[in-house]
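Some notes on the structure that comes next.
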Number of protein chains: 2
Amino acid sequence: MINTRFSVAIHILSLVSAQTDKGVTSDFIAKSVNTNPVVIRRIGSLLKKANLLKGGPGVTGYSLVKKPQQITLLEIYKAVTTEEELFAIHDQPNPNCDVGRNIQATLNTSLTQAQQAMENELKRQTLADIIEHLSKQ
Amino acid sequence: MINTRFSVAIHILSLVSAQTDKGVTSDFIAKSVNTNPVVIRRIGSLLKKANLLKGGPGVTGYSLVKKPQQITLLEIYKAVTTEEELFAIHDQPNPNCDVGRNIQATLNTSLTQAQQAMENELKRQTLADIIEHLSKQ
DNA sequence: TCATTTGTAACAATTATAGTTACATTTTGT
DNA sequence: ACAAAATGTAACTATAATTGTTACAAATGA
């Protein structure tokens with residue numbers, strides 16, 4: 001299961017895009033997410049590195065760098081994901097075995113396709129889609 | 001990152017389908033995967049519950065229940081995956097907040113689509129594809 | 001009967017995640 | 001210039017999942 005950072009990141013960006021008038025602080029976001037403000041700042045930090053959010057010490061709250069239509073879920077996903085690969089492949093299989101020798105390359109090809117399929121779908125959806133869906137609930 | 005059980009499961013099934021003459025024991029498989037035989041039996045147990053493998057106490061080694069062409073990677077994935085959902089969604093968001101109240105349903109819709117895209121790709125590939133790719137390396 | 005193998009419980013080591021406290025740093029408003 | 005307020009981040013903890021390991025009961029077949 002992929003951790004909640006991705007979900008929380010989308011939550012953060014949704015809140016920031018909703019409140020354009022006043023600064024959306026980590027404390028305010030934390031109350032909506034129901035977690036500790038440091039958890040928000042930690043993820044906010046990743047989103048800043050990915051050029052999705054701006055803000056910083058002394059500046060009250062975060063704001064968006066781009067419009068919601070220009071932010072894909074894939075960008076958000078990549079921003080908060082440390083591992084490049086979705087599927088782990090066991091290491092050091094036996095090179096003296098026909099299967100062991102070739103399994104890693106084969107799995108890599110195969111599983112990368114599955115990961116690509118998922119990422120393509122995340123690329124298709126934007127933060128604007130999320131916001132629209134949120135308001136229609 | 002999704003754990004190595006899935007990769008190891010594909011490795012196991014590849015070995016079992018390769019060696020049709022003699023029984024493929026957990027010890028033999030463990031040497032190819034480079035792990036402990038109990039790890040293999042544990043995953044083998046899951047594959048038996050999913051009706052992909054047969055064998056048991058007293059019977060030496062495992063054998064396939066179906067032909068490799070009839071085993072999709074999705075079946076293998078589901079067999080060794082305990083969680084139904086690929087993406088975790090943070091729980092208990094604030095119901096007194098417009099975003100907090102609706103974020104779970106929205107994320108569920110959105111992320112399920114990404115999961116579906118991945119699963120559809122896993123469904124498209126079979127164990128036979130893996131075996132073919134292995135031999136062509 | 002006996003050797004062999006699987007099934008599974010139980011435990012340990014390692015790692016990732018999420019929550020928390022604490023505090024330095026930065027900005028803004030007065 | 002100063003104070004208040006907020007962010008950035010280090011450090012630590014608790015919890016849970018994963019993987020490896022030992023041990024042993026249960027089942028099979030020669």
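In what follows, every chain begins at residue 1, and chains take the letters A, B, ... in the order their sequences are listed.
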Next item on the list: Could you tell me whether the phosphate oxygens of D:dT18, OP1 or OP2, come under 4.0 Å of any side-chain nitrogen or oxygen in B:Thr4?
Entry: no
Margin query: Applying a 4.0 Å non-hydrogen cut-off, can you work out what B:Gly44 is touching in the nucleic acid: base, sugar-phosphate, or nothing?
Written below: nothing
Next item on the list: Figure out the CG/C1' separation between B:Asp91 and D:dT15, and round it to whole Å.
Entry: 14 Å
Check: Between B:Ile43 (CD1) and D:dG20 (C1'), how many Å, whole number?
Finding: 12 Å
Next item on the list: Indicate, with a heavy-atom threshold strictly under 4.0 Å, whether B:Lys49 touches base, sugar-phosphate, or nothing.
Entry: nothing
Margin query: Tell me whether the side-chain N/O atoms of B:Thr60 come closer than 4.0 Å to OP1 or OP2 in D:dT28.
Written below: no
Notebook entry, point to check: Please give, in whole Å, the distance from C:dA22 C1' to A:Asn36 CG?
Noted result: 12 Å
Next item on the list: For residues B:Gln113 and A:Leu73, determine if any side-chain heavy atom of one lies less than 4.5 Å from a side-chain heavy atom of the other.
Entry: no
Next item on the list: Please state whether the rings of A:Phe6 and A:Tyr77 are parallel, tilted or perpendicular, taking 30° and 60° as the class boundaries.
Entry: perpendicular
Next item on the list: Answer with yes or no whether the side chains of B:His90 and A:Ser7 bring together a donor and an acceptor at under 3.5 Å.
Entry: no
Checklist line | Upstream residue (5' side of DNA chain D) when B:Thr82 and B:Pro57 are each assigned their closest nucleotide | finding: B:Thr82
Margin query: Does C:dT6 have OP1 or OP2 under 4.0 Å away from a side-chain N or O of B:Ser26?
Written below: yes
Note to self: Any side-chain N or O of A:Thr25 below 4.0 angstrom from OP1/OP2 of D:dA5?
What the structure shows: no
Note to self: Could you tell me how far apart B:Asp27 (CG) and C:dT6 (C1') are, to the nearest whole angstrom?
What the structure shows: 12 Å
Margin query: OP1 or OP2 of D:dG8 versus the side-chain N and O atoms of A:Lys48: is any pair under 4.0 Å?
Written below: yes
Margin query: Measure CG/B:Asn3 against P/D:dA16 and give the value in whole Å, please.
Written below: 18 Å
Check: Just how far, in rounded Å, is P of C:dA22 from CZ of A:Arg41?
Finding: 14 Å
Check: Within the structure, does a side-chain N or O atom of A:Thr35 lie under 4.0 Å from either OP1 or OP2 of C:dG19?
Finding: yes
Checklist line | Side chain of B:Val38 - closest among D:dG20, D:dG8, C:dA9 | finding: C:dA9
Next item on the list: For B:Leu53 and C:dG7, give me the distance from atom CG to atom C1', rounded to whole Å.
Entry: 14 Å
Margin query: Within the 4.0 Å heavy-atom criterion, would you say A:Val59 contacts the bases, only the backbone, or no part of the nucleic acid?
Written below: sugar-phosphate
Margin query: Counting distance alone, no hydrogens or angles: does the base of C:dT20 have a donor or acceptor under 3.5 Å from a partner atom on the side chain of A:Arg42?
Written below: yes
Next item on the list: Supply the atom-to-atom distance B:Leu47 CG to B:Tyr62 OH, rounded to the nearest 0.5 angstrom.
Entry: 8.5 Å
Next item on the list: Provide, to the nearest angstrom, the distance between the CG atom belonging to B:Leu46 and the P atom belonging to C:dG7.
Entry: 11 Å
Check: Counting only heavy atoms not in B:Lys78, do more than 12 fall under 6.0 Å of its NZ?
Finding: yes
